[in-house]
Amino acid sequence: MSILVVGSVAYDGIETPFGKVDRILGGSATFISLTSSYFHQPLKLVGVVGNDFADGDLNRFKDKNIDLEGLQIDNSGKTFFWQGKYHFDLNNRDTLDTQLNVFEHFNPVIPESYQDSRIVCLGNIAPALQSKVLDQVQKPDLVILDTMNFWIEGARNDLAEALKRSDVLIINDSEARELSNEPNLVKAADAIRAMGPDVLIIKKGEHGALLFTDGNIFSAPAYPIIDIFDPTGAGDTFLGGFAGWLARSGDYSNDNFRRAVVYGSAMASFCVEKFGPERLFDLTAKEISERYAEFRSLSAIPVQIDELI
Ligand code: AMP
């Protein structure tokens, strides 16, 4: 069973109330693949970088045994660059600069050795490109889609097509409301699941995440992080942990989707402790298991059914 990850590979400039970095490895596919690699291999990456992409950064992927056959190196220009600034409310960020560079004409080509991947992670790129990826793979077990308000507003029809072909959608609460045109998240979830994905995850920033499956709602707790430093990539890291756990276990039951949401949350809680993906380079299985256990104990409710009766 292999995981296919498609998305942006980028350089980011990030400013938070706690520090600033001019240029650091980033991009949705970067966070997803680094995170998933802790759970399951092979991990197959599809993306594009430009002529400025450092060998040292390529090694970041190679060190985690990530297959780079599908990573195009386009020497005609520079790597996608994104710059963002966070204020004290770390749930909101301003995008200061987006330079698409070689990403502008990105045409995802899925190598033959990737085409039988069992889990396909479609990171946040144009929905038409996400569909193009699905055109090139054999029937996977699970298609997991990420998107953002930019595409909900600007490419709704393309997004509708990609949604029809997806099994899991991961978005944040404001995007869920915008996509469904419905302020109540439970009603929004029904409306979105009717668009295609059987499983919907609504992330609520530092307030946890909701998982909607058939007739079932699960609320994952938020981790009270003491050392939140930089939220960049937390959403993608969540996706990586979620997909990684499902690939590792090969179990797509409701209970296991709950576990996957908690693994996603646990990995995202590591990601925000340092700038960019720095924290994702040297985690240990022990640290991940311990954080997972902390999440479980955070919301363990002692069973006593007749308290008020
Ligand atoms: P997240 O914080 O999970 O939303 O993801 C942050 C990452 O998304 C950064 O590393 C950026 O390089 C990348 N990113 C920002 N804007 C875009 C975009 N329009 N398309 C693809 N990736 C982007």
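Worth knowing before you read on, the calculation uses all heavy atoms, side chains too, and leaves out hydrogens, waters and symmetry mates. Atoms within each ligand, like the ligands themselves, are counted from 1 in listed order.
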Inset, instruction - Give a yes or no on this: more than 12 heavy atoms of other residues, nucleotides or ligands lie within 6.0 Å of atom NZ of Lys64. - result: yes
Inset, instruction - Find out whether Tyr114 and Val109 are in side-chain contact, i.e. whether some heavy atom of one side chain is under 4.5 Å from a heavy atom of the other. - result: no
Legend entry - Any side-chain heavy-atom pair of Phe61 and Leu43 under 4.5 Å: no
Inset, instruction - Verify whether the ring centers belonging to Phe295 and Tyr292 lie closer than 6.0 Å. - result: no
Inset, instruction - Have a look at Met267 and tell me which of Trp245, Phe31, Phe39, Phe238 forms a side-chain contact (heavy atoms from CB on, under 4.5 Å) with it. - result: Phe39
Inset, instruction - Check each protein residue for a heavy atom under 4.0 Å from ligand 1 and list those that pass, ordered by chain and number. - result: Ser8, Ala10, Asp12, Gly26, Gly27, Phe31, Phe80, Trp82, Arg93, Phe103, Asn124, Thr232, Gly233, Ala234, Gly235, Asp236
Inset, instruction - Give a yes or no answer on whether the side chain of Arg93 reaches the backbone of Tyr86 with a donor-acceptor pair at less than 3.5 Å. - result: no
